[in-house]
Amino acid sequence: DMRAVIATLAVVAVMGMGPGSAWAFECPARIDEARAAVQKAETALDKAKAAAKAAARGPLAKAKEMLSHAEAEHKGAGTDAKKHAEAVREARTAQGYAEEARLIAERF
């Protein structure tokens, strides 16, 4: 049927792009997740008490720094799969720091 033909063509197209391109598609998704986590952390900090804000500022700063690294790495990676992989790692690390900041802000 037509759906099977379309699905097969899509798979062939993605495989033809090579490994660098596959990472290029993963980077934006991970960067978006990290950006959303930073946003949630900032919202939580806005509502937090002074002590929680102070405790959460460090991890939030780290999150923003790692997010910035991930964005720059992705932008400059071109077809280099290793650089895209690094951008994915940095985005996930940023997300981890942002979640740490949010948890501190909400529960401290």
Side-chain angles (χ1 to χ4, degrees):
D1 84 340
M2 195 62 185
R3 283 182 295 197
V5 171
I6 291 170
T8 303
L9 288 174
V11 169
V12 169
V14 169
M15 285 171 55
M17 290 177 192
S21 299
W23 281 111
F25 286 113
E26 185 163 348
C27 297
R30 299 298 81 80
I31 288 169
D32 285 347
E33 289 168 358
R35 207 176 279 128
V38 166
Q39 192 69 47
K40 281 183 185 174
E42 287 176 330
T43 300
L45 255 77
D46 287 343
K47 300 172 188 169
K49 296 180 183 123
K53 276 185 188 177
R57 270 194 199 107
L60 181 58
K62 278 271 203 199
K64 289 179 177 182
E65 181 186 340
M66 291 307 297
L67 177 57
S68 173
H69 281 260
E71 290 167 337
E73 194 75 49
H74 171 64
K75 219 173 258 179
T79 58
D80 187 336
K82 186 176 179 294
K83 287 189 185 239
H84 282 294
E86 288 169 7
V88 167
R89 174 181 41 81
E90 289 168 345
R92 286 184 172 149
T93 303
Q95 184 177 358
Y97 277 118
E99 288 170 358
E100 177 186 355
R102 180 184 58 79
L103 288 170
I104 290 169
E106 288 176 354
R107 304 205 169 108
F108 194 97

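Model, not experiment: these values are computed from the prediction.
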Engineer: Taking ILVMFWY side chains as joined if any heavy atoms are under 4.5 angstrom apart, and letting links pass through other members, which residues group with Met66?
Structural biologist: Tyr97
Engineer: Might you point out which heavy atoms bring Ala101 and Ala41 nearest each other, and give the distance in Å?
Structural biologist: CB-CB, 4.1 Å
Engineer: Indicate the atoms forming the closest heavy-atom contact of Ala48 with Lys53, along with that distance.
Structural biologist: O-CE, 3.4 Å
Engineer: Say you draw a straight line from NZ of Lys75 to NZ of Lys83; how long is it, rounded to the nearest 0.5 Å?
Structural biologist: 15.0 Å
Engineer: Using the salt bridge (charged side-chain N to carboxylate O under 4.0 Å, His left out) rule, collect all pairs that involve residues 33-46, keeping only residues at least two apart or in two chains.
Structural biologist: Arg30-Glu33, Asp32-Arg35, Arg35-Glu71, Glu42-Lys64
Engineer: Residues two or more places apart in sequence or in another chain: which of them pass side chain to side chain donor-acceptor pair (under 3.5 Å) with Glu73?
Structural biologist: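 Scan of Glu73 (side chain to side chain donor-acceptor pair (under 3.5 Å), adjacent residues dropped) gives none.
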Engineer: Taking the hydrophobic residues Ile, Leu, Val, Met, Phe, Trp and Tyr, and joining any pair whose side-chain heavy atoms are under 4.5 Å apart, which ones share a cluster with Val38?
Structural biologist: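 Traced through the cluster, Val38 reaches Ile31, Leu45, Leu60, Leu67.
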Engineer: Locate the shortest heavy-atom distance separating Ala63 from Ala98; write the atom from each residue and the value.
Structural biologist: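 The pair with the smallest heavy-atom distance is CB-N, 3.5 Å.
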Engineer: Any side-chain heavy atom of His84 sitting closer than 4.5 Å to one from His74?
Structural biologist: yes
Engineer: Do any pairs count as a salt bridge (charged side-chain N to carboxylate O under 4.0 Å, His left out) and have a residue in residues 96-108, sequence neighbours left out, and if so which ones?
Structural biologist: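 Applying salt bridge (charged side-chain N to carboxylate O under 4.0 Å, His left out) to every pair that reaches into residues 96-108, excluding sequence neighbours, yields Arg102-Glu106.
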Engineer: When Ile, Leu, Val, Met, Phe, Trp and Tyr are grouped by side-chain heavy atoms lying under 4.5 Å apart, directly or through other members, which residues fall in the same group as Ile104?
Structural biologist: Phe108
